[in-house]
Colleague: 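Dropping the structure in here first, questions after.
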2 protein chains.
Amino acid sequence: MTNIRDIAKMAGVSVTTVSRVINNHPYVSEEKVSAVKAAMKKFNYHRNINAVHLSRGKTHLIGVVVPFSNHPYFGLLIEGIANAALDHNYKLALIQTNYEETKEMEALRMLEDKQIDSLIICSRICAWDVIESYRKYGSIILCEDSRNDKISSTYIDHYKTFTMALDYLYEKGHHQIGYTIGRQTGANSSQRDAAYKDFLTRYALRYEPNYIFTSRFDVEDGVNVAEHLLDMKNRPTALLVTSDQVAAGILTGCRENGLDVPDDIAIMSFDNQPISKVMHITTLEIPFVEVGKKLFHQAVNGQEVSHEEIQVRLIERKTV
Amino acid sequence: MTNIRDIAKMAGVSVTTVSRVINNHPYVSEEKVSAVKAAMKKFNYHRNINAVHLSRGKTHLIGVVVPFSNHPYFGLLIEGIANAALDHNYKLALIQTNYEETKEMEALRMLEDKQIDSLIICSRICAWDVIESYRKYGSIILCEDSRNDKISSTYIDHYKTFTMALDYLYEKGHHQIGYTIGRQTGANSSQRDAAYKDFLTRYALRYEPNYIFTSRFDVEDGVNVAEHLLDMKNRPTALLVTSDQVAAGILTGCRENGLDVPDDIAIMSFDNQPISKVMHITTLEIPFVEVGKKLFHQAVNGQEVSHEEIQVRLIERKTV
DNA sequence: CTGTTAGCGCATTCAA
DNA sequence: TTGAATGCGCTAACAG
C-alpha cells in the first residue's frame, strides 16, 4: 500500500503538498501539482479513508436505523435516503433492529464511537431521554412527530391525517369505522389512536375494541383481518389501513369470501404503493422520496434542531 | 473526548494494559482490570473506532451493492445479510446504484480506500475483469453463477431452475410458454434465456419473440403484461414470471379482463413472497435468509474463492 | 503479567 | 508557496 509519504518522495515534495493537491487546496504551483498527480497515477495511489476519518474526526457515514429492510415502508425510506446520500457523497450504514432495543442502542453507540457522523432513526424504540443523551455525539433525526422536543425530525402529522381520513369516511356515510396498524406501541401509533378516539367522541360513536387490528404489517396479516371480519356479527363498514400491503391482503381476503368492497366494507389505506394502484385501492400518498431527502439533509446539517412536516395526499380510487 | 491515554493515567497503568482490557486479552491481573474498568466507567470512555480501524487496517464494514432497496428481491437480500452481519458484529454500508455503473465503481473504490473490508454485489453491472482487478483490495462476493471464475459467489443455477420450471409446465400440457424478466442484460438473465432457447429446441417448439416480456419489475409491469396478453392473437398458454410482484400484477390484470388463470393462461413465478401465498400463485421459493447468511460468511472469510449453490423449491398452488 | 515504543496514514498548525 | 513537525487514538511487537 503506497501512502502519502511514498507519493511525496516520488514527486520530490512534502507530504503536506501532496495532501494539498489531494484536497484541492490553493497555493500549490502548477508543476508540483502535476508532479504529484503523476506520482499518484503511477503508483495507483488511494488515500486511506480511515486515516482521514481519524484525522478529521468525521466519517461521512450516516447511520440509518430500521426494524426491517424488506417492508415497503422502510424500503422506500431507505431508498429515499440512499439517493440523497449518494448524491452528496455520503455513505449509509444500515442498522436493522428487528425491533430489538439493544440493536438500537448499538446504533447510538456507533455515534458515540464516532463510527458514524449522524443517525436517522426511522422507527424508534428507545426512550426519549436516552436518545437525547446521545445527541451530543452527533445529530439524531427521527421519523416521528417530535415538534415538542429537542430532537430534529421529518414527520407526518398522524393525528391530523387520521382525523382527516376518518372524517372523509364519515362523510361518505360510515359510522362504524375500524383501523389496522402495525406496531401498537410507538409514537405514530399513539397519535393515530388519539385521533381515532377523539373522532369517536366528536361524533358520539361507540368504541368497539374489536374494530382495532394490531400487529398488521403484511399482505398475509391483511387476509387474516378479512377472515376475522367474516365472523363478526357487528362488522365495521369501513377500515382505515396503515399500509397498502395489508389493504391488498384484506381486499383479496374479502373477495375470496364474498365480502364486497366497498359495499360491505370500505377500505382506505396508506402509502400509495404500486399494489394499491393496481388493485384500485383508495389510499393516502406519502412522498417517500421527499421524506428521505429531508431526513438526509437534516442529518447532514447537524447542529440546529428542525422539524419538517410532510403532507399526505388523498388518492381516491375504488375501495371507498 | 477522553482517550485511552487518559484512562491509562487515571487507572495508573499503561495504555497497553488498557487496550488489553478493552479487547479482552488474557494476562491482566484482576486488580488492574477493575481499575481500568472503573476509570472507563467514570469518564464514560468510548474508544474511537476510526483509530481502531486505522491501526488494524480493517473496518468491520461490509459494502452491499443493490440497484434499489425497495424491491422485495433486494430488500430480502439486504435483510438476510443485515441479520447475519448484526449477529457477528459487522456493519453494513448500503450502496444503491440505480443500475448506474459509476455508482458500482464507487463501491469498488470504497474497497480500495479501505472504507469497507469486503463487498457483496447483489446485481452486477461492471465487467468481470474490472471487478477482478479490485479483488486484491478485499473479498468481493457476487450473487450470480460464477463457478467458472475466480470470484466468490452464492448463486442460483438459473439455467437449471428455468429448465426445471419449463419442463414442469410442458408436462402439464403447455407447449406455448413465454416468460417475463427484469433486466434483460446481466448474467442471470442470459442463463435463463439460454435455458429457454434450449428448451424450445429440445421439444422442437417455435421461438416467438413476443412471448418474452422484458423490463418487468413490479406489479404495475405485470398488469401491463396482462393487457398485452389480451391483444395477442396467438397467446401463450403459460408464463414463467421472475418475480411474485409481477405475477401478482398479471393475475390481477387477467382477472379484470376476463382471462382465466390457469385455464386461459398459467402462471408460475419466483420468490415465494407473502403476496404469492395470498394470491395462491404457484412459485419457486428462494430461501433469502440462507442466501444472505452465505453471502455474509463468504464476505467475512475472505481469502479463498468459493461458490455456494442455492436450491430453489417448487411450491404448487393454483395458478398452473 | 506489564510497560515502552513505534507505527497506522493523513491533516494541519506554524514557521519560513 | 512550501515543508517540518505534531497529533488524531489505538494496536502490537518487543523487552522485561
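Below, chain A is the first sequence line, B the second, and so on; all start at residue 1.
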Colleague: Who passes ring pair (Phe, Tyr, Trp, His ring centres under 6.0 Å) against B:Phe288, sequence neighbours left out?
Modeller: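 B:Phe288: ring pair (Phe, Tyr, Trp, His ring centres under 6.0 Å) contacts with B:Tyr73.
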Colleague: Taking any atom closer than 4.0 angstrom to a non-hydrogen atom of chain A, what span of DNA chain D does the protein reach, first nucleotide to last?
Modeller: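 Footprint of chain A along DNA chain D, 5' to 3': D:dT1 to D:dG9.
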Colleague: Check salt bridge (Lys or Arg N to Asp or Glu O under 4.0 Å) between B:Asp218 and all other residues, then give those that pass, not counting sequence neighbours.
Modeller: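 Partners of B:Asp218 under the salt bridge (Lys or Arg N to Asp or Glu O under 4.0 Å) test: none.
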Colleague: Give me the bend of the helix from C:dC1-D:dG16 to C:dA16-D:dT1, using the axes of the five pairs at each end, rounded to 10°.
Modeller: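 Axis angle across the helix from C:dC1-D:dG16 to C:dA16-D:dT1, nearest 10°: 30°.
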Colleague: In whole Å, what is the span from the CD atom of B:Glu31 to the C1' atom of C:dT2?
Modeller: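 Whole-Å distance recorded here is 12 Å.
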Colleague: In whole Å, I'd like the distance from the OH atom of A:Tyr27 to the C1' atom of C:dT12.
Modeller: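 Those two atoms, OH and C1', are 16 Å apart.
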Colleague: How would you list, by chain and number, every residue that makes a salt bridge (Lys or Arg N to Asp or Glu O under 4.0 Å) with B:Lys150, sequence neighbours excluded?
Modeller: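 B:Glu132.
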Colleague: Measure from CG on A:Leu54 to P on C:dG9 and round the result to the nearest Å.
Modeller: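 One finds 12 Å between P of C:dG9 and CG of A:Leu54, rounded.
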Colleague: Taking salt bridge (Lys or Arg N to Asp or Glu O under 4.0 Å) as the cut-off, I'd like each qualifying pair that reaches into residues 287-307 of chain B, sequence neighbours left out, listed once.
Modeller: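 As it turns out, the salt bridge (Lys or Arg N to Asp or Glu O under 4.0 Å) pairs with a partner in residues 287-307 of chain B, which skip direct neighbours, are B:Glu290-B:Lys294, B:Lys294-B:Glu308.
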Colleague: Write down the distance between CZ (A:Phe43) and P (C:dG9), rounded to a whole number of angstrom.
Modeller: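 Those two atoms, CZ and P, are 15 Å apart.
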Colleague: Once side chain to side chain contact (heavy atoms under 4.5 Å, CB included) is applied, do any residues pair with A:Met110, and if so which ones, sequence neighbours excluded?
Modeller: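 Counting only residues at least two positions away or on another chain, A:Met110 forms a side chain to side chain contact (heavy atoms under 4.5 Å, CB included) with A:Ala93, A:Ile95, A:Gln115, A:Ile116, B:Lys91.
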Colleague: Residues from residues 14-21 of chain B sitting under 4.0 Å of DNA chain D, heavy atoms only?
Modeller: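 The answer is B:Thr16, B:Ser19.
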Colleague: Figure out the CG/P separation between A:Asn23 and C:dC10, and round it to whole Å.
Modeller: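 Those two atoms, CG and P, are 10 Å apart.
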Colleague: For B:Asp145 and B:Asn188, does a side-chain donor sit closer than 3.5 Å to a side-chain acceptor?
Modeller: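 Short answer, no.
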Colleague: Can you check the A:Lys9 NZ to C:dG9 P distance for me, whole Å?
Modeller: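 The distance from NZ of A:Lys9 to P of C:dG9 comes to 13 Å, rounded to the nearest Å.
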Colleague: Report which part of the nucleic acid A:Asn50 touches: base, sugar-phosphate, or nothing (heavy-atom distance under 4.0 Å, all strands).
Modeller: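 If one applies the 4.0 Å heavy-atom cut-off, A:Asn50 turns out to touch nothing in the nucleic acid.
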Colleague: Tell me every residue that passes side chain to side chain contact (heavy atoms under 4.5 Å, CB included) with A:Ser189, counting only those two or more places apart in sequence or in another chain.
Modeller: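 Partners of A:Ser189 under the side chain to side chain contact (heavy atoms under 4.5 Å, CB included) test: A:Ile181.
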Colleague: State which residues pass ring pair (Phe, Tyr, Trp, His ring centres under 6.0 Å) with A:Tyr45; sequence neighbours excluded, sorted by chain then number.
Modeller: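 A:Tyr45: no ring pair (Phe, Tyr, Trp, His ring centres under 6.0 Å) contacts found.
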Colleague: In terms of the nearest nucleotide of DNA chain C, which residue is placed more toward the 5' end: B:Val28 or A:Val52?
Modeller: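 Result of the comparison: B:Val28.
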Colleague: Take atom NZ in A:Lys103; do more than 12 heavy atoms of anything else shown fall under 6.0 Å from it?
Modeller: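 Yes.
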Colleague: Mind checking what makes side chain to side chain contact (heavy atoms under 4.5 Å, CB included) contact with B:Asn24, not counting sequence neighbours?
Modeller: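 B:Asn24 satisfies side chain to side chain contact (heavy atoms under 4.5 Å, CB included) with no other residue.
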Colleague: Only pairs at least two apart or in different chains count here, so list each side-chain hydrogen bond (donor to acceptor under 3.5 Å, both in side chains) that has a residue in residues 117-128 of chain A.
Modeller: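 Only A:Thr59-A:Asp117, A:Tyr99-A:Ser123, A:Ser123-A:Arg183, A:Arg124-A:Glu144 qualify under side-chain hydrogen bond (donor to acceptor under 3.5 Å, both in side chains).
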Colleague: Provide, to the nearest angstrom, the distance between the CZ atom belonging to B:Arg5 and the P atom belonging to C:dG3.
Modeller: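 It is 16 Å, rounded to the nearest whole Å.
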Colleague: To the nearest angstrom, how far is A:His53 atom NE2 from C:dC8 atom C1'?
Modeller: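 About 15 Å, once rounded to whole Å.
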